[in-house]
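So the structure is just underneath, and the comments pick up after that.
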There are 2 protein chains.
Amino acid sequence: MLANLKELSEKLGLSQTTVSRALNGYPEVSETTRQRVIDAAREHNYAPDSSARRLATGKTRTIGHVVPISKHDMINPHFTDFIAGAGAVYNRRGYDMLISVVDADKETETYRAMKRNRRVDGVIVHGPVASDARPGLLHSLGLPFVVHGRTLQDDDSYSWVDVNNRRAFAEATRYLIGLGHRRIALVNGWEHMVFARRRREGYEEALREAGIAVDPLLMSSNEMIEPVGHEAMTAFLASDDPPTAVLVASALSALGVMGAVREHGLGPGTDISIISYDDKLSFLDIGPDGMGLTVIRSGIGEAGRHCADMLIDMIEGRRGIVHMLLEASLVPGTSTGPPAGVAVSGKSAAGR
Amino acid sequence: MLANLKELSEKLGLSQTTVSRALNGYPEVSETTRQRVIDAAREHNYAPDSSARRLATGKTRTIGHVVPISKHDMINPHFTDFIAGAGAVYNRRGYDMLISVVDADKETETYRAMKRNRRVDGVIVHGPVASDARPGLLHSLGLPFVVHGRTLQDDDSYSWVDVNNRRAFAEATRYLIGLGHRRIALVNGWEHMVFARRRREGYEEALREAGIAVDPLLMSSNEMIEPVGHEAMTAFLASDDPPTAVLVASALSALGVMGAVREHGLGPGTDISIISYDDKLSFLDIGPDGMGLTVIRSGIGEAGRHCADMLIDMIEGRRGIVHMLLEASLVPGTSTGPPAGVAVSGKSAAGR
DNA sequence: TTGTAGGCGTTATCAA
DNA sequence: TTGATAACGCCTACAA
């Protein structure tokens with residue numbers, strides 16, 4: 001158990017320089033020496049002190065994630081899946097993940113502090129809102145970053161990884177219209193989140209194409225958690241002219257929606273059609289294998305992996321600004337079918 | 001924007017020593033000097049380089065969390081709530097949180113590496129199993145740690161924060177017995193996890209007290225996620241002699257259980273009684289305000305806060321080994337009542 | 001191919 | 001109350 005380079009090099013009868021070079025894979029050191037050094041390092045359980053290395057190199061090999069916490073001490077549940085993906089990349093590429101859980105109003109100051117202290121080499125920005133100040137701030141700080149999602153404007157001035165939410169929801173809506181539905185509800189997330197806004201736009205676009213009026217009474221925008229989904233769906237079902245189909249923006253909301261549907265004694269896929277966006281939340285598994293739902297699927301872990309790889313590439317100077325737009329895929333399940341009133345044989349004339 | 005102590009001290013006409021002392025709150029520096037230094041630091045947006053400071057002090061002010069990932073790239077969903085709690089403490093006390101997401105079989109090596117690199121001052125151990133090697137390993141490494149939960153043996157040799165799972169489940173079971181139930185099912189987590197084992201023990205203890213035979217056909221032990229809860233409950237309901245009540249070990253499982261119950265057209269609290277353990281999963285909110293379930297409640301965020309505070313106290317030498325056993329509380333909701341066959345007026349003679 | 005020496009930015013010791 | 005100086009452990013020109 002040798003504490004530092006000095007001791008190790010003395011034991012080997014070599015200079016610190018040579019030992020350091022051997023360990024860091026510099027080409028000029030002879031193979032025999034390198035092998036000898038590596039063996040000795042392993043034998044004595046030596047590894048460089050990370051703080052010392054950082055100080056000497058000026059690189060932290062650490063990526064920061066600032067995670068804002070909302071009213072009820074809640075962290076977005078999708079976050080675990082994202083960091084599972086990103087974390088795998090960090091491991092593979094020798095980076096550390098620093099997570100800072102802060103009150104939403106302290107986020108800006110947290111980025112500033114990370115820069116001042118030279119705490120991280122770059123950060124990942126989560127959950128962009130419509131007019132998001134973070135890209136501008138990070139640019140001015142000179143802190144490399146990748147955004148998971150996009151802002152509404154100026155999204156070409158920085159790197160991002162996003163899902164084509166608009167198209168995904170347009171296609172899902174068209175699918176329902178193709179089945180004959182004309183009263184289609186939307187259980188959406190908060191619309192200050194950009195992804196939610198884009199989902200609504202896709203939904204409305206498809207309705208308009210089909211000549212169906214957008215009905216505000218069929219749209220809800222709220223937090224994407226189970227009880228809220230339940231509440232929204234219950235309200236829709238209690239209305240004068242209830243929907244025959246519903247589009248849900250998250251798996252967690254869908255859980256609540258399904259509950260409300262069942263409580264009303266309705267059969268998914270027969271009495272009412274349901275399509276949910278599915279981030280592949282690892283602890284829910286709502287897809288065709290799970291609850292039988294028809295879903296629009298795009299893995300959030302995958303997005304995490306891409307963000308991590310892009311950011312590290314940027315930090316290491318191998319890459320500039322990159323945009324990655326992932327396409328979600330519609331996976332039919334048993335929760336969709338023609339509206340109850342429509343005979344199965346009678347082909348629907350609606351849509352397209 | 002001054003980069004380092006040297007520049008700042010030159011600008012002030014003071015030595016680096018004095019400036020450092022002023023900034024770090026040493027008592028020997030005069031108040032006027034200190035104020036002058038602090039003002040200048042703020043003005044020039046100076047803050048010490050964290051790597052340099054760490055190298056000089058030998059303290060990282062960083063806590064590590066090693067998060068094993070299971071088969072399906074899944075991180076325990078309770079984890080977000082835990083780190084929300086712990087993270088708040090880290091912020092308040094000036095610590096950073098380092099999260100390492102690794103394959104389950106690499107956990108040991110990760111701890112070793114954290115120690116070798118002097119990457120962290122201590123770690124939090126999550127999800128102890130029956131014969132857990134980590135406490136022994138960390139002891140031998142000399143890495144301070146706190147366990148969230150307990151192992152089965154030797155739990156007095158290290159600090160932990162745990163919930164009194166055995167008592168919680170015993171009391172919940174007694175509550176059901178008191179209502180007149182005698183066929184009570186248990187939807188438990190994996191029993192290699194210590195908390196799950198203790199929950200079963202509590203459940204069995206209460207049954208035995210009441211002279212009710214433990215029936216293996218009424219017990220399931222599996223992953224605590226929605227689809228699995230659904231599956232387990234469906235199986236129970238399809239059996240020859242179905243339960244009249246069920247005890248569920250997690251909110252996520254309870255979601256699945258509720259779904260299965262509804263699909264069978266049964267009313268919670270009337271046809272079948274349900275009690276769920278509730279970690280206060282922030283994105284579910286299943287308590288009395290939410291789904292109306294009767295729950296055994298103990299906040300996981302609170303546990304996170306205690307773990308963080310205890311570990312930091314240990315690291316800073318203010319505290320030795322501490323054990324904290326939190327009591328969960330039974331919160332009656334509408335999902336429990338007398339068994340269907342029992343007349344409401346007829347007081348049950350069972351239990352206690 | 002290996003070694004010498006200086007620097008990275010702090011904190012800590014000792015002296016003034 | 002303040003300052004010079006030496007660690008802390010590593011990397012990296014530059015020299016040999």
Side-chain angles (χ1 to χ4, degrees), chain A residues 1-38 40-41 44-62 94 113-121 316, chain B residues 1-38 40-41 44-62 94 96 113 115-121 316:
Chain A
M1 180 68 195
L2 290 186
N4 55 29
L5 248 200
K6 185 144 164 270
E7 295 182 40
L8 182 60
S9 59
E10 279 166 2
K11 183 130 316 195
L12 280 163
L14 289 168
S15 70
Q16 294 189 36
T17 314
T18 304
V19 175
S20 170
R21 281 198 277 237
L23 257 22
N24 289 312
Y26 281 57
E28 61 260 37
V29 49
S30 82
E31 263 322 306
T32 50
T33 311
R34 186 192 307 280
Q35 215 30 261
R36 207 158 69 86
V37 170
I38 289 176
H44 294 102
N45 195 34
Y46 168 81
D49 180 294
S50 54
S51 305
R53 164 180 272 177
R54 283 201 247 286
L55 178 58
T57 60
K59 303 261 140 228
T60 65
R61 295 192 76 87
T62 301
M114 282 181 166
K115 174 64 180 183
R116 265 204 310 267
N117 307 309
R118 302 169 187 80
R119 192 68 191 78
V120 299
D121 291 339
E316 297 184 348
Chain B
M1 178 72 195
L2 289 187
N4 54 29
L5 250 198
K6 183 144 166 273
E7 293 183 40
L8 182 60
S9 59
E10 278 165 4
K11 183 130 319 193
L12 280 163
L14 289 168
S15 71
Q16 295 188 33
T17 314
T18 303
V19 176
S20 171
R21 281 197 276 237
L23 258 22
N24 290 311
Y26 280 58
E28 61 260 36
V29 50
S30 82
E31 263 322 306
T32 50
T33 311
R34 163 166 294 128
Q35 213 33 260
R36 207 158 69 86
V37 170
I38 289 176
H44 295 100
N45 195 33
Y46 168 81
D49 179 294
S50 53
S51 304
R53 163 179 273 179
R54 282 202 249 286
L55 179 57
T57 59
K59 304 260 137 229
T60 64
R61 295 192 76 87
T62 301
D96 285 332
K115 174 64 179 186
R116 265 204 309 268
N117 307 308
R118 302 170 188 77
R119 190 69 190 78
V120 299
D121 290 340
E316 296 183 348

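Chain letters run A, B, ... following the sequence lines, proteins first and then strands; every chain starts at 1.
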Value in whole Å for how far the C1' atom of C:dG3 lies from CD of A:Glu10 | 14 Å

From CG of A:Leu8 across to C1' of D:dC11 the rounded distance in Å is 15 Å

If every non-hydrogen atom of A:His44 is compared with every non-hydrogen atom of A:Leu8, which pair is closest and at what distance?
-> ND1-CD1, 4.3 Å

Hey, is the main chain of B:Asp96 close enough, under 3.5 Å, to the side chain of B:Thr62 for a donor-acceptor pair?
-> no

Answer yes or no: is there a donor N or O on one side and an acceptor on the other, between the side chain of A:Asp121 and the main chain of A:Lys59, under 3.5 Å?
-> no

For A:Leu5, does its backbone N or O pair with a side-chain atom of A:Ser9 as donor and acceptor, under 3.5 Å?
-> yes

Please report the shortest heavy-atom distance between A:Val29 and A:Ala22, naming the atom on each side.
-> CG1-CA, 3.9 Å

What string of B, S and - do you get for nucleotides 6-16 of chain C 5' to 3' if you count protein non-hydrogen atoms under 4.0 Å?
-> -BBBBBBB---

In sequence, state the C-alpha distance, the side-chain angles, and the governing distance for B:Asn24 and B:Arg53, and then conclude on side-chain contact (heavy atoms from CB on, under 4.5 Å).
-> CA-CA 11 Å; B:Asn24 290 311; B:Arg53 163 179 273 179; 2.8 Å; yes

For the student: nearest non-hydrogen atoms of A:Asp49 and A:Ser51, plus distance | OD1-N, 2.8 Å

To the nearest angstrom, the CG-P distance between B:Asn117 and D:dC10 comes to 10 Å

Closest contact, heavy atoms only, B:Arg21 versus B:Arg34 = O-NH2, 3.9 Å

Looking at A:Ser15, does any N or O in its side chain come under 4.0 Å of the phosphate oxygens OP1/OP2 on C:dG3?
-> yes

Hey, what bend do you get for the helix from C:dT1-D:dA16 to C:dA16-D:dT1 if you fit axes on five pairs at each end, rounded to 10°?
-> 30°

Please give, in whole Å, the distance from D:dC8 C1' to A:Arg54 CZ?
-> 15 Å

Which nucleotide in the set D:dG3, C:dG3, D:dT1 lies at the smallest distance from any side-chain heavy atom of B:Glu28?
-> D:dT1

